[in-house]
There are 2 protein chains.
Amino acid sequence: MAEVELLKEPELNEALEALRRGLAKRLVILIIGCCNVHYKGRASSKLEPGDRIVLIKEDGSLQVHRPYGYEPVNWQPPGCVFHTELHEEGLRLVAVRHTPKEHVRITFSKIHLLTLLNLVDSGAFALHATEEDMQRAILLEPSLIEPGLKPITYEKRVEPGFVDIYARDREGRLVVIEIKRKTAGRDAVLQLHKYVQSLKKEAKTPVRGILVAPKLAKGAQKLLVSLNLEYKRVSPKKCAEILERAKRKALTQYMAPAGEERF
Amino acid sequence: MAEVELLKEPELNEALEALRRGLAKRLVILIIGCCNVHYKGRASSKLEPGDRIVLIKEDGSLQVHRPYGYEPVNWQPPGCVFHTELHEEGLRLVAVRHTPKEHVRITFSKIHLLTLLNLVDSGAFALHATEEDMQRAILLEPSLIEPGLKPITYEKRVEPGFVDIYARDREGRLVVIEIKRKTAGRDAVLQLHKYVQSLKKEAKTPVRGILVAPKLAKGAQKLLVSLNLEYKRVSPKKCAEILERAKRKALTQYMAPAGEERF
DNA sequence: TGCTAAATCTCGAAC
DNA sequence: GTTCGAGGTTTAGCA
């Protein structure tokens with residue numbers, strides 16, 4: 001059960017004490033207050049005073065949110081070390097990180113609300129229909145691409161990187177498949193081309209290259225044709241459906257005797 | 001001055017009323033509670049129950065944070081429409097977005113804390129040392145690249161895209177400069193090569209290509225040499241310093257009579 | 001509106 | 001640790 005400790009409009013020294021306690025206990029900390037922020041590291045930045053929401057998580061990550069915008073205006077990835085002090089300008093919180101060396105320094109002139117949170121969260125998270133899901137779906141049902149296609153391996157190492165799927169078509173020719181979950185552009189075509197070239201050298205036989213994506217960018221079409229590559233439209237949604245079907249089928253096999261219906 | 005309204009451990013119907021009021025007034029809303037989350041749109045996802053922090057901003061953006069991880073586990077970009085209801089499973093908040101059509105549905109079984117925030121934030125934000133800053137710095141001080149370099153234009157249109165800086169060296173040869181803020185890889189080399197080839201055709205004279213970046217990727221070096229291109233190491237930090245100096249100088253020109261010292 | 005390139009990208013996996 | 005590719009990337013700048 002979650003525990004919540006609240007300090008409304010605390011004095012800065014009260015807030016400092018609570019903040020230090022929260023950091024020591026690795027709690028999630030939320031601070032709402034008026035602050036300025038300085039950042040120095042990969043780049044550098046300066047944020048003039050205003051009301052913001054500061055969020056520190058158990059993993060030592062930090063984010064500073066303005067009242068608008070999806071992304072934090074300043075942040076620090078997980079693994080920071082935090083320093084706190086009462087400076088003449090206000091309550092200072094510094095998040096320091098190494099590799100790369102950088103820091104965010106927040107100076108609060110006023111704290112409206114400080115909360116220490118002990119959150120319990122072990123819920124599983126599942127995301128469907130990523131590029132990997134598309135790959136798994138094609139491996140499950142290669143006929144999605146064309147009849148008679150037989151996968152040999154997947155994630156085959158080829159000089160410039162990894163081939164998504166490596167297969168043989170119904171006429172015995174080698175096939176390299178490059179998958180994109182979104183519109184495939186020139187870059188995807190060139191990537192596939194590189195793989196095909198590399199495999200042609202290796203195999204010394206004809207190698208087909210098929211670009212699999214929900215859509216082909218306008219400029220990519222011409223390049224694709226000129227490089228003698230092919231395109232097969234496949235939507236992530238269709239792939240998710242195939243995986244869902246396969247999952248249900250697998251479950252049914254284990255859970256229900258043949259002939260019995262399940263809902 | 002910021003206003004903060006707090007509901008600690010509210011009943012779900014109390015929370016619903018406050019939530020609707022906050023949404024209607026376009027306030028920043030923070031909800032800490034136990035919830036599950038469903039998402040459907042560009043992809044789809046499901047998050048099993050646990051304690052999370054939900055943040056709704058003035059611009060209609062939404063994010064769901066777990067107690068760890070820099071990124072929100074689920075989110076919705078600015079411009080959402082929110083729907084709320086008391087469902088048998090708990091308090092439901094749905095954030096709907098069009099283009100692309102997608103929604104996030106959060107169902108709270110328990111709310112530990114709900115806050116409505118009227119935040120005042122008009123502080124300026126300045127970020128230094130982006131790729132554009134590097135370009136401006138080089139235009140201000142072309143000697144960063146080599147002595148005697150004279151820029152002609154910047155962002156010159158050339159068939160494959162835009163040349164960062166187009167210049168002439170001390171011997172009158174044309175120079176194409178491609179800038180990268182981070183390690184430049186093979187792609188940057190090829191990009192520069194394309195520009196040089198394109199300009200050689202256009203100008204029918206020798207064209208030098210210089211890749212400017214803080215670092216050169218291992219594989220890129222060989223390609224660079226084989227394509228007869230050059231590399232000049234320039235750090236974003238140095239560029240930021242040059243811009244800072246130039247800015248101070250510009251201010252000094254306006255603010256102080258010649259010969260007077262300022263600190 | 002749609003495309004392109006950059007980001008303090010983040011995140012994860014492989015070497 | 002570094003590198004490389006994917007992301008519900010987001011964001012900003014333009015055609």
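Given the structure is predicted, the values throughout are model-derived calculations rather than measurements. Chain letters run A, B, ... following the sequence lines, proteins first, then strands; residues in each count from 1.
Using C1' as the reference atom, D:dG5 and D:dT9 are 13 Å apart when rounded to the nearest Å. Nucleotides D:dG8 and C:dA14 have their C1' atoms positioned 25 Å apart, rounded to a whole Å. The gap from the C1' atom of D:dC14 to that of C:dT8 amounts to 25 Å, rounded to the nearest Å.
For B:Asp121, the salt bridge (charged side-chain N to carboxylate O under 4.0 Å, His left out) partners at least two apart in sequence or on another chain are A:Arg52, A:Arg66.
Shown here for B:Tyr70 and A:Gln76, the closest heavy-atom pair between the two residues is CD1-O, 4.5 Å.
Per the geometry, CG belonging to B:Asp164 stands 11 Å off C1' belonging to C:dA5, to the nearest Å. Taking atom CE on B:Met134 and atom P on C:dA5, their separation rounds to 18 Å, with Å as the unit. At whole-Å resolution of the value, CG in B:Leu47 and C1' in D:dG8 are 14 Å apart. Rounded to whole angstrom, the span from the CG atom of B:Leu192 across to the P atom of C:dA5 amounts to 15 Å. Nucleotide D:dA6 holds its C1' atom 12 Å from the CD atom of A:Gln135, rounded to whole Å. Distance OH (A:Tyr195) to P (D:dC4): 12 Å, rounded to an integer number of Å. Between B:Gln63 atom CD and D:dG7 atom C1' there is a gap of 16 Å when expressed in whole angstrom units. At whole-Å resolution of the value, CD in A:Gln191 and P in D:dG5 are 7 Å apart.
Looking at heavy-atom distances under 4.0 Å, A:Lys180 makes contact with sugar-phosphate atoms alone, never a base.
No side-chain heavy atom of A:Leu91 sits less than 4.5 Å from a side-chain heavy atom of A:Thr107.
Side chain to side chain, B:Gln63 and B:His65 meet the donor-acceptor criterion of an N or O pair below 3.5 Å. In this structure, a donor-acceptor pair under 3.5 Å is absent between the side chains of B:Glu85 and B:His83.
Nearest-nucleotide positions on DNA chain D for A:Ile179 and A:Thr99 put A:Thr99 closer to the 5' end.
Here the CD atom belonging to A:Glu48 is positioned 11.0 Å from the CZ atom belonging to B:Phe125, to the nearest 0.5 angstrom.
The local environment of CD in B:Glu132 is sparse, with at most 12 non-hydrogen atoms from other residues, nucleotides or ligands closer than 6.0 Å.
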- Item | Footprint string (nucleotides 7-15 of chain C, 5' to 3'): B base within contact, S backbone only, - free, heavy atoms under 4.0 Å | SBSSS---S
